[in-house]
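All of these numbers come straight from a predicted model, not from anything done at the bench.
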Amino acid sequence: MLKPAKFRMLTPQHLRPEGWLKRQLEIEAEGLCGHLDQIWPDIRDSKWIGGNREGWERVPYWLDGFIPLAWLLDDEGLKARAKRYVDAILAGQQEDGWLCPCTPEERGRYDMWALFLIGKVLALYADCSGDERVEEALCRAFWNYRGHLQSHTLFDWAAARWYEALIPLFWLYERRPEGWILEMAHTLAAEGLDYQQLYRTLPMDKAAEHPHWSYPDHVVNTAMALKSRALYSRLTGEDPGAFAKEMLAVLMKKHGMAAGHFTGDECLAGNSPIQGSECCGVVEAMYSYEQLLSLTGDPFWGDRLEQAAFNALPATLSPDMWTHQYDQLTNQPACVRIPDKDVHFTSNGGESHLFGLEPNYGCCTANFGQGWPKFALSAMMRAEEGPAVTALVPAAAEFSVDGAAVRVEVRTEYPFRDTAEIIVTADAPAEFTLLVRIPGFAASARLCGRPEEPGAFARLRRRWEGESRLLLELAFETELVKRPGGLTAVRRGPLVYSAAIAEKWERREYTRDGVERKFPYCDYEILPQSPWNYALLSDRFRLELRPVGECPFSPEGAPAELWAVMAPIPWSSKNGICSPVPDSLEPEGEPREVRMIPYGCTNLRMTELPYLGG
């Protein structure tokens, strides 16, 4: 039997983003994700649609974000472009059910990670569009794979990411509960990489050295694997969140970043503020948190999700989302190419932290687009008790409760503000519990004037009729967070703050391996135009709020600022990479007020600084 999730995800037919969240999706549609099928050969000319370019993960990765983007925005043009790809993929399915674009002779060494990923994507497409072809196509594809597994055990990426196949398999089982589907799930678990065994028997605490690369500590595999046991718990009955918390605790202690994510450039890289973290790792960690929140009902995962969405995700994308980094750095005073002999990343090249079309490698080019749309889809879910507000973002969702049509709308500018209005409308009397996740970042919270516990779900059970307006008030405190190396980060609520650095973007247009970079999807180096070598002198900050505008995650559009007293100190850098710690803590100039903005609003930043106060 398949154990149900605590919360059920909604589809775009029942949920709509609003306010600044909708604007983020519009920016994504106007940017690189919304145009990849028109400009990037690996999507435009992919083998998945009959072309001659990459026929493995890149089209599925792109569709994984592009499909929910199209339906959340209800954009008919985007939907038609997504349908063109899905039509071609379904039309390319072989008579025996084989779905991936390779010849019969290539099947034995074709890495079946692509099947797991396209299976997940097609299930998402069916949920968004209602396309009835998908169920039969997935049934045929996985039945074929059942036979394939008998002579070709899991290897490489499929072995490291076997649990991703459980998502389409369970989706299929809920529509046709046939025993072979669950048998396949057990087979994949037996043949795949056991992260629970890995983390419980090996320390996983050593930072990868340069050069280094391996599957077990690859940062994207790690981010995906956070949900591995939770997914499998639907078959085993184990606590769905227990191992994920164990694993995350190790990651944050040994490889944690101030922004709440973990390093990996390409593999787990320790906790130095100049080790990067891959963009794919950010969006996959977010998806794991979304799944964990759904499977466990534990608000802890909502906090982790918001922290990644408000900090690490926007920081690795340019504000217009036409370019992205492969690796983001906590302390990033410049983004310029590093000569090969000086590269300090574990296995990535010297262009990995540049903003561009496909810096270092193209997986993130295809994959970053899932971040914002899937986060939006996680804003509200359906619990057995009633509707659940799971992420405190502007959105509206529709539910059916005891025959009544119920609409829940969240009006808020959180995380840049500390209040939210929740409007519940029922067209007929209905008794149910409304669940509201109270962010654990708050020092205190009040809902309708009643104190609520941060880091928990508030539960309001009543007979709902007509319109009800609920006011959620949060209290945030600005705090100093100790970081390794004697450094300190500044956090207020869910947002980490960085010293802002004035910047100059220098365009790099060229063609490499037949792929053209030209404005607006060219590469950029970013040079600092203001000092960045500071130490904090005080733990008191002056908060200034500005309107939440058209591009809130940008240096110019930052809706919240902290002004801090700092002093310049000696801090060396080479090739735009600062040393992990300052050269000296002796101030070399007069104290001054320095502007700090949310980490997610920065392109250049200094986030971990020494604190010289009392």
Side-chain angles (χ1 to χ4, degrees), residues 160 193 195-226 244-282 284-285 288 304 307-308 311-312 315-316 325-333 338 340-353 359-361 364 481-489 496 571-582 599 605-610:
L193 181 59
Y195 286 88
Q196 182 170 259
Q197 181 76 358
L198 184 70
Y199 274 74
R200 288 181 175 176
T201 57
L202 297 177
M204 299 303 294
D205 58 358
K206 184 178 180 182
E209 298 176 354
H210 173 73
H212 170 88
W213 196 97
S214 74
Y215 287 105
D217 62 353
H218 186 276
V219 69
V220 184
N221 293 344
T222 300
M224 291 177 172
L226 283 164
K245 287 186 176 180
E246 288 179 30
M247 185 176 176
L248 185 63
V250 172
L251 292 171
M252 295 311 298
K253 180 179 180 180
K254 301 298 183 179
H255 309 282
M257 303 170 69
H261 188 51
F262 40 88
T263 62
D265 54 19
E266 187 106 346
C267 297
L268 296 175
N271 47 34
S272 166
I274 62 169
Q275 294 300 148
S277 195
E278 185 182 336
C279 177
C280 276
V282 175
E284 293 296 352
S288 287
R304 302 285 74 72
Q307 196 169 31
N311 295 286
T316 200
Q325 294 178 289
Y326 196 78
D327 291 331
Q328 65 173 282
L329 282 61
T330 300
N331 283 354
Q332 186 169 281
I338 307 170
D340 293 344
K341 64 181 179 62
D342 295 327
V343 171
H344 68 293
F345 300 132
T346 61
S347 65
N348 295 337
E351 298 180 351
S352 301
H353 60 311
N360 194 69
Y361 194 66
C364 296
V481 180
K482 290 184 178 180
R483 298 293 302 156
L487 302 179
T488 300
V496 174
W571 202 328
S572 59
S573 68
K574 183 179 181 181
N575 303 312
I577 303 297
C578 65
S579 58
V581 295
Y599 181 97
R605 69 187 75 92
M606 290 297 287
T607 310
E608 295 189 11
L609 305 170

- Quick one: does E278's side chain have a donor or acceptor within less than 3.5 Å of a partner on G264's backbone? no
- Does the Q275 side chain pair with the main chain of S272, one donor and one acceptor, at a distance under 3.5 Å? no
- Item | Any donor-acceptor pair under 3.5 Å from N360 side chain to G349 backbone | yes
- Message: Would the distance check show the side chain of H261 and the main-chain N or O of M252 forming a donor-acceptor pair, the cut-off being under 3.5 Å?
- Response: no
- Message: Checking the side chain of S288 only, and the main-chain atoms of A223 only, is there a donor and an acceptor separated by less than 3.5 Å?
- Response: yes
- Query: For the residue pair G276 and L329, what are the closest heavy atoms and their distance?
  - Reply: CA-CD1, 4.0 Å
- Message: Please find the pair of heavy atoms, one from T222 and one from D217, that lie closest to each other, and give the distance.
- Response: OG1-C, 4.0 Å
- Ignoring hydrogens and angles, tell me if any N or O in the side chain of S352 forms a donor-acceptor pair with the backbone of Y326 under 3.5 Å. no
- Quick one: does W213's side chain have a donor or acceptor within less than 3.5 Å of a partner on C267's backbone? no
- side-chain contact (heavy atoms from CB on, under 4.5 Å) between F345 and E266, intermediate numbers included: CA-CA 7 Å; F345 300 132; E266 187 106 346; over 6 Å; no
- Task: Check for a donor-acceptor pair, side chain of N311 on one end and backbone N or O of Q307 on the other, with a separation under 3.5 Å.
- Result: yes
- Item | Any donor-acceptor pair under 3.5 Å from D265 side chain to D327 backbone | no
- Task: Examine distances only and state if a side-chain atom of Q328 and a backbone atom of A312 form a donor-acceptor pair shorter than 3.5 Å.
- Result: yes
- Query: Which is it for M204 and L198 under the side-chain contact (heavy atoms from CB on, under 4.5 Å) test, yes or no, and what are the steps along the way?
  - Reply: CA-CA 8 Å; M204 299 303 294; L198 184 70; 3.9 Å; yes
